[in-house]
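One structure is given here, and the rest of the page talks about it.
Order of the sequence lines sets the chain letters (A, B, ...), proteins ahead of strands, with each chain counted from 1.
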Amino acid sequence: MTGFIKKVFCRKGKTASGPSDTNRGTSDQSYKYVVAGAGPAGVTAAETLRQNDPDGSILLLGGEPEAPYSRMAIPYLLVGSIEEEGTHIRHQDGHYENLKIDCRQGRVSQVNPASKTLLLEGGNRIGYDKLCLATGAHPIKPPIPGLDQEGILHCWTLEDARKIIELAHEGADVVLMGAGFIGCIILEALALRKVNLTVIEMGDRMVPRMLDPVAGNMLKSWCANKGVTVHTATKITKVEPHPGDAEDTLLVDLDNGKQIPAHLLVVAAGVKSNLGYLDGAGLEIDQGILVDERLQTSDENIYAIGDVAQAPAFEGEDKVVHAIQTTATDHGRIAALNMSGIAARYNGSLAMNVLDTLGLISVSFGEWNGVEGGDNAVSVDRENNRYIRLEFSGGRLVGAQSVGRTDQVGVLRGLIEGRVPLGDWKEKLKKNPHLVMDAYLACAQR
Amino acid sequence: MQKTLNIIPEKCTGCAQCEIACSIEHVGMFSPSKSRIKVFKFPDEGRFVAYTCTQCSEAWCQRACPTGAISANAETGAKEVCEPTCVGCKVCTIACPFGTINYVSERGKVTKCDLCGGDPACVKACPTGAITFIDADATGYDRMKAWAAQTGGGAQPEA
Ligand SMILES: Cc1cc2nc3c(=O)[nH]c(=O)nc-3n(C[C@H](O)[C@H](O)[C@H](O)COP(=O)(O)OP(=O)(O)OC[C@H]3O[C@@H](n4cnc5c(N)ncnc54)[C@H](O)[C@@H]3O)c2cc1C
């Protein structure tokens, strides 16, 4: 049976595009595994399913007319260091066909756990034995008047990227709303496109959910030195048309009374899990789809992973949506193991980020802002833009952040997730927190 | 049988020949700072530890990579970075709990040990036999892998 939904080919130079076939045909089809969503989480799940079940039929559904790609790679497309294909998750010709993964385009509009079927936009109904929801998140549009105009974009999909590339020409007046983690990544890409960039962040510093004030302000002055103005503690109140200006068609109003003419406004104000198609499905939902340590939802045949899932955290009892790449792919693997009958327990998601802000590299892990009753080790060198702060709970590391270090940063994850007892190395780290690698070798590798 | 690096810290004298050999092999110059194997010194204990990637089978770096730039060499089992595909996002450098894949800012790419295609330069350069290249089963790296299995990503199939 073919043609019930558009097949997505993964070939160099032949990215799937054009209209979807979802409106044609009404044939039903059943698969052992259906993975809804073809981002990093969904692709990891589909491949892990195939690794562990050589024969079970697998449908991988993407919601966009593209071969499976990574949003994370979009900034590199914006700066021109890769072509669109460079954002694809896999590059070998016929990768999905070779794995007998049926990779198609189609958006789920409804899930019916009782009949183990899902409905696609366009009317097709598909049956599953096990369903994995990997539909990701969408960017939030804050309730600010005037955001529905031409020249205002998110930076979330390949389609967004194409439009940004068109508008963000050299010298263009561009305003970026939000200097959170994703905002900062976009900041770098826009700056490298040599636009005239103004960044507006309502928080008191850059990346307030990843770095503390010391680190956040290091980033801010670094940006200023590179010619990028970042207005923190500032809000955009309204966006107005700017009649009579053919280039700067927008006027961005700030709460300090200033108005900034802009050719392009990029909105990076956070993301929210895609849950709209689950109305009536009866799954337990909070900020995301609630799952247990097997990534299983409240329905035993349905799993949820990545940006759409609210899953156990590494620290603490509360379930969290960690909309990051590492969590998405770790989820994908664990869910697929469980779906294919190999019981696997997830240790919980650890928040982790690495950010390159015009050459200044920062990382943060876990409880970077400390835990109650914990203590820390800090070293600041403002002149050389070097900073490290380690957070301990008793005798182990629970969080960390650093600026200006790239070597062996992964051991921070190793120390935290390994719950490695630091013994007398904790005191040594308090004297010199830069010795994390030494502490790791001494405590974790003996 | 695939082979793996076996490093015995007790035999390491900290001479850094491995770092020199690695940098000559990979970047064509005498530059220990560019080596993918690093010798860490513990002066208080008079102890040296040469340290590099264990090529773990469920590689965190590989799984986290958004563009599929890290793959296993079918012959050697080494997890290799495909430079043209690597966008330099560094997510692998925080995902790897061993800290053995690192960003090189001059190139805008990450690097890691690739076992030199099956004939590791560090092994040939080590004068004391602290680094050997032996059958995967026989190495102390099993210990590290066992540790790896309990941590990171919780990728732990239950018995
Ligand atoms: C510009 C940018 C930079 C980023 N940089 C980083 C970074 O440096 N580090 C980091 O950790 N994270 C980063 N992220 C976040 C990271 O990209 C996400 O966490 C990751 O993509 C989540 O993967 P996912 O598979 O859960 O969801 P997604 O990648 O969003 O994939 C969701 C998939 O589901 C499909 N879909 C949606 N709705 C439906 C539906 N109803 N039916 C069927 N399919 C559907 C979509 O089309 C897509 O294929 C960045 C994101 C952006 C936009």
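Using non-hydrogen atoms only and a strict 4.5 Å limit, the part of residues 41-53 of chain A facing chain B consists of T44(A), Q51(A). Taking 4.5 Å as the heavy-atom cut-off, the residues of residues 85-95 of chain B that approach chain A are T85(B), V87(B), G88(B), C89(B), K90(B), V91(B), T93(B), I94(B), A95(B), ordered by number.
Crowding of F30(B) atom CZ: a count of heavy atoms from other residues, nucleotides or ligands under 6.0 Å not exceeding 12.
With chain B as the partner, the residue from L350(A), T327(A), T406(A) showing the most heavy-atom pairs under 4.5 Å is T406(A). In terms of heavy-atom pairs under 4.5 angstrom with chain B, the leader among I185(A), V354(A), N353(A) is V354(A).
In this structure, chain B has a heavy atom under 4.5 Å from the side chain of F365(A), while its backbone stays farther away. Proximity to chain B is absent for every atom of L412(A), based on heavy atoms less than 4.5 angstrom apart. Heavy atoms of N338(A) lying under 4.5 Å from chain B are absent altogether. Interface residue V363(A): only side-chain heavy atoms are found under 4.5 Å from chain B. In this structure, chain B has heavy atoms under 4.5 Å from both the backbone and the side chain of I89(A). When heavy atoms are compared at a cutoff of 4.5 Å, M352(A) approaches chain B by way of both its backbone and its side chain.
Considering all non-hydrogen atoms of both residues, A64(B) and T326(A) come closest at CB-CG2, 4.1 Å. The shortest heavy-atom contact between S70(A) and P66(B) is OG-O, 2.6 Å.
Remark: L441(A) CG to F48(B) CZ distance equals 13.5 Å, nearest 0.5 Å. Taken from SG in C96(B) to CZ in R413(A), the straight-line distance is 9.0 Å, to the nearest 0.5 Å. Rounding to the nearest 0.5 Å places OG1 of T67(B) at 9.5 Å from OH of Y76(A).
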- request: With side chain to side chain contact (heavy atoms under 4.5 Å, CB included) as the test, would you mind laying out the steps for V411(A) and F98(B) before giving the verdict?
  value: CA-CA 5 Å; V411(A) 299; F98(B) 305 106; 5.7 Å; no
Verdict with supporting geometry, F40(B) and Y440(A), side chain to side chain contact (heavy atoms under 4.5 Å, CB included) = CA-CA 11 Å; F40(B) 292 87; Y440(A) 170 82; over 6 Å; no
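Between D356(A) and Y103(B) the shortest side-chain heavy-atom distance falls below 4.5 Å. No side-chain heavy atom of K38(B) sits less than 4.5 Å from a side-chain heavy atom of M437(A).
Sorted by first then second residue, the salt bridge (charged side-chain N to carboxylate O under 4.0 Å, His left out) pairs that include residues 68-89 of chain B, not counting sequence neighbours, are E83(B)-R107(B). For residues 110-132 of chain B, the pairs satisfying salt bridge (charged side-chain N to carboxylate O under 4.0 Å, His left out) are R36(B)-D114(B), D119(B)-K124(B), with sequence neighbours left out.
Between the side chain of N102(B) and the main chain of Q408(A), a donor-acceptor pair closer than 3.5 Å is present.
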